[in-house]
Amino acid sequence: MSISTLYINKIADSILFDEKNKEFTICDGSLGTYKFCDVVRSQIVYEHARYKGKSPLFSHRVLISTFNTSIFIELKKVYVGVEIELSNKGKAYVYISKNPVIQHNLQFEEDYKIAKQIDKKLKRMALEKNRLD
């Protein structure tokens, strides 16, 4: 194992965090490399599955309720992702789901946990930036 790999944290084939160079690379979504210091805020988002690849990333969002026991609520197929607001560069998106998932099923819950982990790390970066400013 080389020294440089000790500083890289890969999360679910979607994003790489390079602690040494203070940057992250999005592997699925808004492809590219971004600096930690550019992160302003982040949030978990859900894209309606039928629009993936047919419109700009996450432009057709679905609102997901955490309390979903009603038989009258339509369960849509979605892609779980993370929206990252960058200073002076707009927004970048990370797809967590590799395939469409149905709201509140097992794969959805797994993708949500990964998204939450990424969101938490990005929020920490934004907090550190604000402390330094």
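Criterion: ILVMFWY side-chain heavy atoms under 4.5 Å apart, direct or through other members. Under it, Ile15 and Phe36 are part of a common hydrophobic cluster. Phe24 and Tyr93 fall into different hydrophobic clusters, where Ile, Leu, Val, Met, Phe, Trp and Tyr residues are linked whenever their side-chain heavy atoms come under 4.5 Å apart, directly or through other members. Note on Ile26: it clusters hydrophobically with Val80, by side-chain heavy-atom contacts below 4.5 Å among ILVMFWY residues. A single hydrophobic cluster is not seen to contain both Tyr51 and Val78; linkage of ILVMFWY side chains at heavy-atom distances under 4.5 Å, directly or through other members, places them apart.
Electrostatic pairing of Asp119 and Lys123 counts as a salt bridge here, judged by a charged N lying under 4.0 Å from a carboxylate O. Using a 4.0 Å cut-off between charged side-chain N and carboxylate O, Glu19 and Lys121 make a salt bridge.
Taking CD of Gln117 as the reference point, atom CD1 of Ile44 lies at 11.0 Å (rounded to 0.5 Å). Between atom CG of residue Asp38 and atom CD of residue Glu85 there is a gap of 11.5 Å, rounded to the nearest 0.5 Å. Taken from NZ in Lys77 to CG in Asn105, the straight-line distance is 9.5 Å, to the nearest 0.5 Å. Leu16 CG to Thr33 OG1: the interatomic distance, rounded to the nearest 0.5 Å, is 8.5 Å. Atom-to-atom distance recorded for Ile96:CD1 and Tyr112:OH is 12.0 Å, nearest 0.5 angstrom. Remark: Asp18 CG to Thr25 OG1 distance equals 7.0 Å, nearest 0.5 Å.
Looking at Ser14 and Asp28, their side chains never bring a donor and an acceptor atom within 3.5 Å of each other. Judged by distance alone, the side chains of Asp111 and Gln107 do bring a donor and an acceptor atom under 3.5 Å apart. In the model, Glu47 has no side-chain atom that pairs as donor or acceptor with a side-chain atom of Tyr79 under 3.5 Å.
Nearest heavy-atom pair across Ala115 and Gly81 is CB-O, 4.4 Å. In terms of heavy-atom proximity, Cys37 sits nearest to Ser87 at O-OG, 4.4 Å.
Taking the ring centroids of Tyr95 and Phe58, they lie under the 6.0 Å cut-off. Taking the six-membered ring for Trp and the full ring otherwise, the centers of Tyr46 and Phe108 sit less than 6.0 Å from each other.
Within the 4.5 Å cutoff, no side-chain heavy atoms of Ile118 are placed close to those of Ile84.
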Checklist entry - Passes side chain to side chain contact (heavy atoms under 4.5 Å, CB included), Leu57 versus Ser30? Steps please. => result CA-CA 8 Å; Leu57 301 177; Ser30 303; 3.4 Å; yes
Next on the checklist: Set out, in order, the CA-CA distance, both residues' side-chain angles and the distance that settles side chain to side chain contact (heavy atoms under 4.5 Å, CB included) for Leu86 and Val40, then state yes or no.
Outcome noted: CA-CA 5 Å; Leu86 303 166; Val40 175; 5.8 Å; no
Checklist entry - Under the side chain to side chain contact (heavy atoms under 4.5 Å, CB included) criterion, do Val82 and Gln43 qualify, and how do the steps go? => result CA-CA 6 Å; Val82 178; Gln43 67 177 341; over 6 Å; no
Next on the checklist: Using side chain to side chain contact (heavy atoms under 4.5 Å, CB included), reason through Lys76 and His48 one step at a time and then give a plain yes or no.
Outcome noted: CA-CA 7 Å; Lys76 295 183 173 114; His48 198 295; 3.5 Å; yes
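The closest donor-acceptor contact from the side chain of Lys113 to the backbone of Glu109 lies at 3.5 Å or more, if one exists at all. No side-chain donor-acceptor contact under 3.5 Å links Lys91 to the backbone of Glu83.
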